[in-house]
Peer 1: 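The structure's right below; bear with me while I get my questions together.
All chains are named by letter (A, B, ...) in the order of the sequence lines, taking the proteins before the strands, and each is independently numbered beginning at 1. We use all heavy atoms of the structure for the numbers below, so side chains are in, but hydrogens, waters and symmetry mates are not. Predicted, not measured: the structure shown is a model, and the values here were computed from it.
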2 protein chains.
Amino acid sequence: MTETCQDDELRAVLRGLLTTIGDKWTLAVVATLVGGAQRFTAIQRETDGISHRMLAKTLRDLERDGLVSRTAHAETPPRVEYALTPLGRTLLDPVDGLIRWVDEHGQAVLRNRATAG
Amino acid sequence: MTETCQDDELRAVLRGLLTTIGDKWTLAVVATLVGGAQRFTAIQRETDGISHRMLAKTLRDLERDGLVSRTAHAETPPRVEYALTPLGRTLLDPVDGLIRWVDEHGQAVLRNRATAG
DNA sequence: CCGCATCCAGATCGATACTG
DNA sequence: CAGTATCGATCTGGATGCGG
């Protein structure tokens, strides 16, 4: 495994990661899970305007990447809880950096957008 | 201007920003511009596989947000140079945090994807 | 050389309905 | 309650051609 290959792969992962967390709902869902494990319906209620389908997709993607864990309890009625994995929690740090940037410079971006149309 | 309104707007900006920098090519273009101002064609040559149209769109979006400046020189042949603005450079910091995260945990994500995908 | 408009194929998303 | 499949509307991205 060469370094260039790794570099290429890392770039791909970076883009994929940005695409993932940049997806319309991912961040909101993650924000909902910061406080602790949540059930499917609870997440949907917390996340304003998300459709059933998109929540399912978002959670599956996050689970696929190992950022969110899915625990199905064999009960009636069925109960499934989602939570951030340790790996998922490590992501909160750099994301927080982005949030701070928006907090600091977001207004400037808005102003630019308003000016430039 | 209420705080809740600002909070909503900031969330919108955050999502918009993540969408922007998560867009397929934005990061590669920004990476090209880190070293200094570049011409349209030079950026296209540096950024492997990007189409004319997408580069134009990417640059326009970045310019709209005030992250990239566009300087047209009135010459023949026409020459237009793009460069990161000071605001654009402040964004490099949090993005670097993300890159470090990928550097550190990207392999784990890939492993998870391979297992679950 | 630079940028935009048009056209077209593929991806995405929301609503709905159906299974366990 | 949790999750998947289908369908239709919308959006995106690439190729091409034209104007500055």
Side-chain angles (χ1 to χ4, degrees), chain A residues 11-12 15-30 32-33 36-65 67-84 116-117, chain B residues 12 15-30 32-33 36-65 67-84 113 116-117:
Chain A
R11 274 199 175 276
R15 264 220 301 266
L17 176 74
L18 288 174
T19 302
T20 300
I21 70 175
D23 270 356
K24 205 175 175 187
W25 298 110
T26 303
L27 209 67
V29 170
V30 169
T32 303
L33 292 178
Q38 295 280 346
R39 305 179 57 171
F40 189 96
T41 310
I43 300 174
Q44 186 170 23
R45 208 177 320 115
E46 286 285 320
T47 311
D48 209 50
I50 194 172
S51 68
H52 193 124
R53 179 202 166 107
M54 277 302 105
L55 180 54
K57 183 191 185 306
T58 302
L59 288 171
R60 258 194 298 130
D61 286 351
L62 287 172
E63 191 196 355
R64 188 191 67 161
D65 287 359
L67 301 174
V68 160
S69 66
R70 178 184 174 280
T71 310
H73 300 269
E75 305 171 357
T76 44
R79 187 162 57 95
V80 181
E81 289 195 325
Y82 293 91
L84 290 175
Chain B
R15 264 220 302 265
L17 176 75
L18 288 174
T19 301
T20 300
I21 69 175
D23 268 358
K24 205 174 174 185
W25 299 108
T26 303
L27 208 67
V29 170
V30 170
T32 302
L33 292 178
Q38 295 280 346
R39 304 181 56 174
F40 188 95
T41 310
I43 300 174
Q44 186 171 23
R45 208 177 321 114
E46 286 285 320
T47 310
D48 207 50
I50 194 171
S51 69
H52 193 126
R53 178 198 164 100
M54 279 301 106
L55 179 54
K57 183 190 185 307
T58 302
L59 287 171
R60 257 194 299 128
D61 287 350
L62 287 172
E63 190 195 357
R64 188 193 66 162
D65 286 358
L67 301 175
V68 159
S69 67
R70 177 184 176 280
T71 310
H73 301 270
E75 306 172 356
T76 42
R79 187 163 56 95
V80 182
E81 289 196 324
Y82 294 90
L84 290 176
R113 272 187 205 186

Peer 1: Using side-chain heavy atoms (C-beta onward) and a distance below 4.5 Å, is Phe40(A) in contact with Leu59(A)?
Peer 2: yes

Peer 1: So does Arg53(A) reach the base of dT6(D) with its side chain, donor to acceptor, closer than 3.5 Å?
Peer 2: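 Such a pair is found, so the answer is yes.
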
Peer 1: Are Tyr82(A) and dC1(D) close enough that a side-chain N or O sits under 4.0 Å from OP1 or OP2?
Peer 2: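 It does not, given that no N or O in the side chain of Tyr82(A) lies less than 4.0 Å from OP1 or OP2 of dC1(D).
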
Peer 1: For the atom pair CG (Asp23(B)) and NZ (Lys57(B)), what is the distance rounded to the nearest 0.5 Å?
Peer 2: 6.0 Å

Peer 1: Pick the nucleotide of DNA chain D nearest each of Arg60(A) and Gly49(B); which residue has the one closer to the 5' end?
Peer 2: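 Whichever sits nearer the 5' end wins; that is Arg60(A).
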
Peer 1: Can you measure Met54(A) atom CE to dA2(D) atom P for me and round it to whole angstrom units?
Peer 2: 18 Å

Peer 1: Could you state the CG-C1' distance from Asp48(A) to dG14(C), rounded to the nearest angstrom?
Peer 2: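 Rounded to whole Å, this separation is 16 Å.
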
Peer 1: Check whether more than 12 heavy atoms from other residues, nucleotides or ligands sit under 6.0 Å from atom CD of Glu46(A), and answer yes or no.
Peer 2: no

Peer 1: If you check the Thr41(A) side chain, which of dG3(C), dA2(D), dG14(C) turns out closest?
Peer 2: dA2(D)

Peer 1: Rounded to whole angstrom units, what separation is found between the CD atom of Glu75(A) and the P atom of dC1(D)?
Peer 2: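 Nearest whole value for this atom pair: 14 Å.
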
Peer 1: Using the side-chain heavy atoms of His52(B), tell me which of these nucleotides is nearest: dT6(C), dC13(C), dC4(C).
Peer 2: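 Between dT6(C), dC13(C), dC4(C), the one nearest the side chain of His52(B) would be dC4(C).
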
Peer 1: Measuring from the side chain of Phe40(A) (C-beta onward, heavy atoms only), which nucleotide among dG3(C), dA2(D), dC13(C) has the closest atom?
Peer 2: dA2(D)

Peer 1: Closest-nucleotide mapping onto DNA chain D: is Arg79(A) or Lys57(B) further toward the 5' terminus? I mean the 5' end.
Peer 2: Arg79(A)

Peer 1: Report the distance from atom CZ of Arg39(B) to atom P of dG3(C), rounded to the nearest whole Å.
Peer 2: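 About 10 Å, once rounded to whole Å.
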
Peer 1: Measure from the side chain of Lys24(B), starting at C-beta and using heavy atoms only, and say which of dG14(D), dT4(D), dA2(D) lies closest.
Peer 2: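 Out of dG14(D), dT4(D), dA2(D), the nucleotide with an atom closest to Lys24(B)'s side chain is dG14(D).
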
Peer 1: Check the distance between dT12(C)'s C1' and Trp25(A)'s CH2 and give it to me in whole angstrom.
Peer 2: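 The distance from CH2 of Trp25(A) to C1' of dT12(C) comes to 14 Å, rounded to the nearest Å.
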
Peer 1: Round to the nearest Å and state the distance from Ile50(A) atom CD1 to dA2(D) atom C1'.
Peer 2: 14 Å

Peer 1: Can you tell me if Thr26(B) uses its side chain to pair, donor with acceptor, with the backbone of Gly22(B) under 3.5 Å?
Peer 2: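 The answer is no, because no donor-acceptor pair under 3.5 Å joins these two groups.
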
Peer 1: Just by distance, do the side chain of Thr47(B) and the backbone of Ile50(B) share a donor-acceptor pair under 3.5 Å?
Peer 2: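 No, Thr47(B) side chain to Ile50(B) backbone: no donor-acceptor pair under 3.5 Å.
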
Peer 1: Could you check how far CG of Leu62(B) sits from P of dG3(C), rounded to whole Å?
Peer 2: 13 Å

Peer 1: Please pick, from dG20(D), dC1(D), dG13(D), the nucleotide with the shortest atom-to-atom distance to any side-chain atom of Pro77(A).
Peer 2: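 The listed nucleotide nearest to Pro77(A)'s side chain is dC1(D).
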
Peer 1: dT4(D) P sits how many Å from Asp61(A) CG, rounded?
Peer 2: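 So the CG-P distance, Asp61(A) to dT4(D), works out to 11 Å.
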
